[in-house]
Amino acid sequence: MDYIAERLDCIEASGIRRIWQMAATMKDPVNFSIGEPDFGAPAEMKRAAIEAIESDKSGYTVTSGLAQLREELAGRISREFGWSNPSVLITCGLSGALTLSLMATVNAGDGVLIPDPYFVSYRHLVNLNGGKCQFVNTYPDFGLTCERLDKAADAKSKVLFVNSPANPTGVLYQTERLKEIAGFAQRRDLLVLSDEIYREFTYDGQADSIGHYYENTMVMRSFSKCYGVPGWRLGYVAVPEHLSGLADAMATLQQYTFVCAPHPFQLATMAALQCDISGHIADYHRKRDMIYDGLKDKFDLVKLEGAFYAFVAAPGGDATAFVEKAIKNDVLVIPGSVFSEQDSHFRLSYATSDEMIAKGIERLISLV
Ligand code: PLP
């Protein structure tokens, strides 16, 4: 008897497994593969979590999350978007939001537009829910244009992912671009899932949200990266009042899956909302400059405007071959095929120490 369900057949993990196996043999690694910040939680947040645990705030919360946290976030969303009565659902990180939103919206065969390259979970979650991934090729500049969207969309298209600043490319969609995408979504009556997990990580101006320009947008945010707490599993979604039924449907699904986001960390997040993380962002600005200035003359890479990744064209055009060579030279990067339908680039995360960045740049350059 094969106990594993057929739905797993659509998840291909063998390529990356081979890379991890090779990585395990590295002697003096520069690890550019990590998708999480290298800083820890703000002190106030840690104290609040400890206090919550010590005072036994360890039971379930209501499914949608603590009322006080939801109200605070709803107030912020109202002010930011001008939405009069938004619905907010606290989720187990942005991953929880992705899981619930796709379960709540995708019927078998529905098209989900995914700008390619993409955050890897989008593809797998769409497939697991029986949807059809409609990849929007954004090479070589990673811009999401109406022309590119038109090529990928059809009458079955229902949902569009927008991720800005983006993983794995580090690009940021400017306001004009977001307005164009909003126009496209409007014409096709799409639901936009706006993944804003890196919104704090911008270096040449602030991130805008498509939610300002299109009313059928679900804003998805997370505390994982900005507060350095990816293991705490805290995020949220917000929708305008006319989409409250969708938030309710997701809450129903949360009740029977995750139940609720971790109680002590919901309390700790309340305490963290006033924290200033600008010092960390300034550090990442410096790291971004180091990477971009260090690689731009030897490699083909687009301007890095946000998040903490670079998506670099692999010399020779075969990313897996280049990554294997890099690993043999003690630099760990990830082949583009993990994030894309093509394998021409590699992803590098600069969420590491300046010393490692300098060492890694030197080693990568020696491979060209
Ligand atoms: N969306 C993007 C673009 C990401 O890069 C990640 C994590 O790397 C997630 C969502 C999931 O984040 P979370 O830790 O909040 O589940």
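For ligands, and for the atoms within them, numbers begin at 1 and follow the listed sequence.
- Side-chain atoms of Tyr173 never come within 3.5 Å of backbone atoms of Ile181 as a donor-acceptor pair (strictly under, hydrogens ignored).
- If you look at Phe81 and His212, their ring centroids are closer than 6.0 Å.
- When only non-hydrogen protein atoms are considered, atom 7 (C) of ligand 1 lies nearest to Lys225 NZ, 3.1 Å.
- Although no hydrogens or angles enter the test, the distance criterion places no donor-acceptor pair under 3.5 Å between the side chain of Thr25 and the main chain of Gln21.
- Ligand 1 is never approached by Glu36 to a heavy-atom distance shorter than 4.0 Å.
- Of all atoms in ligand 1, listed by their number and element, those nearer than 4.0 Å to a heavy atom of Asn167 are 3 (C), 4 (C), 5 (O).
- Contact annotation: Met220 has no heavy atom less than 4.0 Å from any atom of ligand 1.
- For the ligand labelled ligand 1, residue Phe223 lies outside the 4.0 Å heavy-atom shell.
- Which parts of ligand 1 touch Ser224 is read off a 4.0 Å heavy-atom cut-off, strictly below it: atoms 13 (P), 14 (O), 15 (O).
- When side chains are defined from C-beta on, Tyr118 does not count as touching Asn163, because their heavy atoms never get closer than 4.5 Å.
- Scanning the protein heavy atoms around atom 1 (N) of ligand 1, the nearest turns out to be Asp195 OD2, 2.6 Å.
- Among all protein heavy atoms, the one lying closest to atom 6 (C) of ligand 1 is Phe119 CZ, 3.3 Å.
- Of all the atoms in ligand 1, the ones that sit under 4.0 Å from a non-hydrogen atom of Gly93 are 15 (O), 16 (O).
- A side-chain donor-acceptor contact under 3.5 Å links Asn329 to the backbone of Lys325.
- Taking distance alone, with nitrogen or oxygen atoms compared against 3.5 Å, Ser95 approaches ligand 1 more closely than that limit.
- By the 3.5 Å distance cut-off applied to N or O atoms, Gly35 is not counted among the residues near ligand 1.
- Between Tyr309 and ligand 1, a contact under 3.5 Å exists for no N or O pair.
- Taking atom 12 (O) of ligand 1 as the reference point, the nearest protein heavy-atom neighbour is Ile197 CD1, 3.1 Å.
- For the pair Ser349 (side chain) and Ile34 (backbone), a donor-acceptor distance under 3.5 Å is present.
- Counting atoms of ligand 1 from 1 in the listed order, those under 4.0 Å from a heavy atom of Arg233 are 13 (P), 14 (O), 16 (O).
- Test Phe308, Tyr284, Tyr227 against Phe39 for ring-ring contact (aromatic ring centres under 6.0 Å, His included) and you get one pass: Tyr284.
- Residues Tyr350 and Phe32 keep their aromatic ring centres 6.0 Å or farther apart.
- Within a 6.0 Å radius of CG in Leu8, other residues, nucleotides and ligands contribute more than 12 heavy atoms.
- Less than 4.0 angstrom separates some heavy atom of Ser222 from each of these atoms of ligand 1: 15 (O).
- Any N or O atom pair closer than 3.5 Å counts here, and Tyr122 shares no such pair with ligand 1.
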Salt bridge (Lys or Arg N to Asp or Glu O under 4.0 Å) evaluation trace for Glu180 with Arg187: CA-CA 11 Å; Glu180 278 171 39; Arg187 287 193 291 284; over 6 Å; no
Salt bridge (Lys or Arg N to Asp or Glu O under 4.0 Å) between Arg188 and Asp154: does it pass, once the steps are laid out? CA-CA 9 Å; Arg188 294 209 173 236; Asp154 64 18; over 6 Å; no
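- Each of the atoms 3 (C) of ligand 1 lies under 4.0 Å from some heavy atom of Asn163.
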